[in-house]
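These figures come from a predicted structure and were not determined experimentally.
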Amino acid sequence: MSLITVVIPTYNREKYLPTAIESVLNQTHKEWKLLIVDDASTDHTQTIVEKYLDDPRIHYVLLPENSGIGKTMAAALERINTPYFVSLDSDDWFDEKTLEILLDEMERQPETTNVVFSNTVFWKEVGDTRELSEIMRPPIYEDKYDYLEAPMVWPRFYRTQAVRDVGGFECDDPMQGRFSHDKYMLLKLIGTGDIHWVDANLYHYLIHESNNSHTKNWPQWTKARKYILTKILKLWGDEYEPAFVYTPEGWIYVNELIPKEKPS
């Protein structure tokens, strides 16, 4: 019986998608489901995916219109029937032992652990080649408030029910879930349980010109982040008011948490 669903949300990633899919097929742990959710791609994504659909573990959903990563993940969540799922961006790939290690770690955890994650290997696309950029061992904090400005973590191996319990992937921000959906979900889950780090290099992240997080998209990221971080603080007890600072490049971050006066 499959305990894990791998979700690959994709939009116009025909150049990279085969590598992502092959990295799932090459897993040492073989009992998985793969759900590819296509956000109305206009390239050859569907043709590429159809080559893999002879494998009964692989399922493909084509959304009727492009709506962004948040709504794509929400559509995926509706279709997941396994206790755990993990997201894989369609321009990235897994180490061959990713599912084996993450499942083993999650099964050892108490029910209060909502997410398991690992180190991330960053690669930079240079022409037709990939060059190793860095390996990130994410900082681990005792205080949940430190995660407001912590680097994002990969891969995110979720407890499915925990994600549903916090309301799933929401798209109520000004950019309707197109930016920072992953941070939004992670912070919601940190507010209700624990996250657990595995010291292993399990996720490969490719840096290229069309990354969603590219600097050209920072104005949209800023609008989403300001809303999301403000809402998270309210969900976490509404004890602080965020003081935001904008960098010259256009990024926004929380510079200070100002305690709110409690009603007398």
Quick one: do the Ser118 and Asp199 side chains pair a donor with an acceptor below 3.5 Å? no
State whether Tyr184 and Lys188 meet the cation-pi test: NZ (Lys) or CZ (Arg) under 6.0 Å from the six-membered ring centroid, and within 45° of the perpendicular axis. yes
Reference residue Asp92; test side chain to side chain donor-acceptor pair (under 3.5 Å); the match among Tyr205, Tyr203, Trp154: Tyr203
State whether a side-chain donor-acceptor pair under 3.5 Å links Thr192 with Asn114. yes
Are Arg130 and Trp93 in a cation-pi contact, defined as NZ or CZ under 6.0 Å from the six-membered ring centre and within 45° of the axis? yes
Run the numbers on Lys260 and Glu241 for salt bridge (Lys or Arg N to Asp or Glu O under 4.0 Å), then give the verdict. CA-CA 6 Å; Lys260 288 188 175 182; Glu241 188 73 33; 3.6 Å; yes
Check the pair Asp172 / Lys231 against salt bridge (Lys or Arg N to Asp or Glu O under 4.0 Å), numbers first and verdict last. CA-CA 10 Å; Asp172 54 339; Lys231 180 178 177 181; 2.7 Å; yes
For the ring pair Tyr84 and Tyr158, is the centre-to-centre distance below 6.0 Å? no
For the CD atom on Glu149, are there more than 12 heavy atoms of other groups (residues, nucleotides or ligands in this structure) within a distance under 6.0 Å? yes
Which word best sums up how the rings of Phe169 and His181 line up, parallel for under 30°, tilted for 30 to 60°, or perpendicular for over 60°? tilted
Ile190 with Ile232, same ILVMFWY side-chain cluster at under 4.5 Å: yes
Do the non-hydrogen side-chain atoms of Asp173 and Lys226 ever get within less than 4.5 Å of each other? no
Looking only at side-chain N and O atoms, does Glu31 offer a donor or acceptor that is under 3.5 Å from a partner on Ser2? no
Under 3.5 Å, is there a donor on one side chain and an acceptor on the other for Thr5 and Thr82? yes
Could you check whether any side-chain heavy atom of Met175 comes within less than 4.5 Å of a side-chain heavy atom of Arg225, counting everything from C-beta outward? no
Once you measure the plane-to-plane angle for His204 and Trp123, does it fall in the parallel (<30°), tilted (30-60°) or perpendicular (>60°) bin? tilted
